[in-house]
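Reminder, nothing fancy here: chain letters follow the sequence lines and each chain counts from 1. Computed from a prediction, not measured in an experiment: that's the story for all the values here. What's counted below: heavy atoms across the whole structure, side chains too, no hydrogens, waters or symmetry copies.
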2 protein chains.
Amino acid sequence: MTGLKIDDVAKQSGLTKRTIRYYEQIGLLASPPRSEGGIRLYSQAHVEMLNKIVSAKEVMGFSLTELQEFIQLSETLEEQRSDYRQFKGTDQQREKLEKVTETIEEQLKLIAQKKKSIVRVEQDLTALYERAKNALHTFKENK
Amino acid sequence: MTGLKIDDVAKQSGLTKRTIRYYEQIGLLASPPRSEGGIRLYSQAHVEMLNKIVSAKEVMGFSLTELQEFIQLSETLEEQRSDYRQFKGTDQQREKLEKVTETIEEQLKLIAQKKKSIVRVEQDLTALYERAKNALHTFKENK
DNA sequence: CTTAACGTTGACGTAAAGGTTAAGTTGTAC
DNA sequence: GTACAACTTAACCTTTACGTCAACGTTAAG
């Protein structure tokens, strides 16, 4: 029984056990090997993957479906990689690759936008903060 | 019948009519005045508010409940503002204010975190992009 | 003054992302 | 070898954030 059990992973990732299994179920997280008796035995790589998922979800607001797509892209690239070395690329694969790069390009643009928007929200919140601080100040003066 | 009707607001904000009514229903958007017959007549301020809501939701991943809280904070501050001028602040109000500033502080920290995370995700995606580009390149060479 | 386009309020439906509970299995510790 | 904690699947439940009718009222146009 070597490897992390689901509860360890839960603690390290901050997700619940249910969520981890759910992510595996919908194909977001690779299925870890099992013990004889069927208990999931995770590696550190799984934890890192989960961290990336959480990050992408929280930060980018990606839905799990969108995340799946990116993971598939990544896997497609892994697959292709070996094929290319063998000079086996087909036209179909090339088309797929072109779509992939387009999709990523779009997402990178979106990220650029979000960076700007996040600053806007930050400014709004900072303004709110200043007002609150000021109010508190006024308070102390009249005490 | 002066003022924007719901469909105009929908077009300007990119939200559906249903969503706009829903936001009003749960207290996210201030109820606009109505015509004699009961038709909602919006002002430009409503549109701006909606834009802020969309921004905060999309960009920060705030849930509508969280957004409600911030709007309440904002309103609390408005209320207090007049009170302070009249030197009427109570201890209760001060406590409330202190909570408000704390909450905002936490959120600002969260925003800082998100800024970092967004960069991480961007790097991951860029790496994916480079790999895709490379693969495409290899393709052309073997054509 | 009627008609068409748009508005209104319910009420029910639904997809996503898990939570919860039940009923049974496995692993470890004594 | 027997407890006991932690694991498993499966099934159903819940919440959020709206979508989608239905049934009816209002307004602007001709």
Side-chain angles (χ1 to χ4, degrees), chain A residues 1-43 46-47 49-72 121, chain B residues 1-43 46-47 49-72 121:
Chain A
M1 282 290 288
T2 181
L4 304 164
K5 276 186 287 181
I6 197 163
D7 209 37
D8 306 329
V9 177
K11 270 160 197 161
Q12 282 192 49
S13 65
L15 300 171
T16 68
K17 292 182 277 186
R18 166 74 224 242
T19 299
I20 295 169
R21 289 197 200 101
Y22 176 67
Y23 283 2
E24 179 186 344
Q25 189 190 325
I26 65 174
L28 262 186
L29 185 66
S31 297
R34 304 283 188 116
S35 74
E36 277 299 297
I39 285 175
R40 274 167 260 249
L41 300 171
Y42 297 91
S43 71
H46 289 98
V47 176
M49 185 63 192
L50 280 176
N51 285 336
K52 279 198 185 184
I53 289 172
V54 169
S55 204
K57 195 171 117 75
E58 280 194 358
V59 172
M60 294 301 302
F62 284 161
S63 73
L64 299 184
T65 315
E66 283 171 309
L67 284 175
Q68 281 175 346
E69 281 166 31
F70 279 100
I71 287 169
Q72 276 166 24
V121 174
Chain B
M1 283 292 286
T2 180
L4 304 164
K5 275 185 287 181
I6 198 163
D7 208 39
D8 306 329
V9 177
K11 271 162 197 157
Q12 282 192 49
S13 65
L15 300 171
T16 67
K17 292 182 277 186
R18 167 72 226 244
T19 299
I20 296 169
R21 288 196 200 101
Y22 177 67
Y23 283 1
E24 179 185 345
Q25 189 190 324
I26 65 174
L28 264 187
L29 184 67
S31 298
R34 304 281 190 118
S35 74
E36 276 298 296
I39 283 172
R40 273 168 259 250
L41 300 171
Y42 296 91
S43 72
H46 289 98
V47 176
M49 186 62 192
L50 281 176
N51 285 335
K52 279 198 183 183
I53 290 172
V54 169
S55 202
K57 196 170 111 77
E58 281 194 357
V59 173
M60 294 300 304
F62 284 161
S63 73
L64 298 184
T65 314
E66 283 172 308
L67 285 176
Q68 281 174 343
E69 281 166 30
F70 279 101
I71 287 170
Q72 275 167 24
V121 173

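- Dashed line: the shortest gap from a side-chain N or O of B:Thr16 to OP1 or OP2 of D:dC18 is not under 4.0 Å.
- Between B:Thr65 and B:Ser35, the one whose closest nucleotide on DNA chain D sits nearer the 5' end is B:Thr65.
- Summarising the geometry, the separation between CG on B:Asp7 and P on C:dG7 is reported as 5 Å, rounded to the nearest angstrom.
- Distance CD (B:Gln25) to P (D:dG19): 13 Å, rounded to an integer number of Å.
- Closest contact between the side chain of A:Arg21 and the listed nucleotides D:dT27, D:dA17, D:dT8 involves D:dT8.
- With rounding to whole Å, B:Tyr22 atom OH is found 16 Å from C:dG10 atom P.
- The distance between atom CD of A:Glu36 and atom C1' of C:dT28, rounded to the nearest whole Å, is 17 Å.
- Contact check, A:Arg40 against D:dT8: a side-chain N or O comes under 4.0 Å of OP1 or OP2.
- Counting only heavy atoms from C-beta on, A:Ile39 has its side chain closest to C:dT26 among D:dC18, D:dT27, C:dT26.
- One atom, NZ of A:Lys17, and another, P of C:dT20, lie 12 Å apart when rounded to the nearest Å.
- At the phosphate of D:dC18, OP1 or OP2 sits under 4.0 Å from a side-chain N or O atom of B:Lys57.
- In terms of modelled atom types and a separation under 3.5 Å, the side chain of B:Glu66 and the main chain of B:Ser63 share a donor-acceptor contact.
- The minimum heavy-atom distance linking B:Lys5 with B:Tyr42 is given by the pair C-CD1, 4.2 Å.
- Nearest heavy atoms, A:Asn51 versus A:Gln12: OD1-O, 4.4 Å.
- Distance CG (B:Leu29) to P (D:dC18): 13 Å, rounded to an integer number of Å.
- Contact annotation: A:Tyr23 does not reach the phosphate of C:dA17 (side-chain N/O to OP1 or OP2, under 4.0 Å).
- The structure places OG1 of B:Thr19 at 11.5 Å from CG of B:Leu28, a figure rounded to the nearest 0.5 Å.
- The closest donor-acceptor contact from the side chain of B:Gln68 to the backbone of B:Ile26 lies under 3.5 Å.
- Summarising the geometry, the separation between CZ on B:Arg34 and P on C:dT8 is reported as 6 Å, rounded to the nearest angstrom.
- With D:dC18, D:dT27, D:dA11 as the candidates, the nucleotide lying closest to the side chain of A:Arg18 is D:dA11.
- Residue-to-nucleotide proximity on DNA chain C shows that, of B:Lys5 and A:Thr19, the 5′-proximal contact is made by B:Lys5.
- Within the nucleic acid shown, A:Ile26 has no heavy atom closer than 4.0 Å to any nucleic acid atom.
- Counting to the nearest Å, the C1' atom of C:dT26 and the CD1 atom of A:Ile6 are 15 Å from each other.
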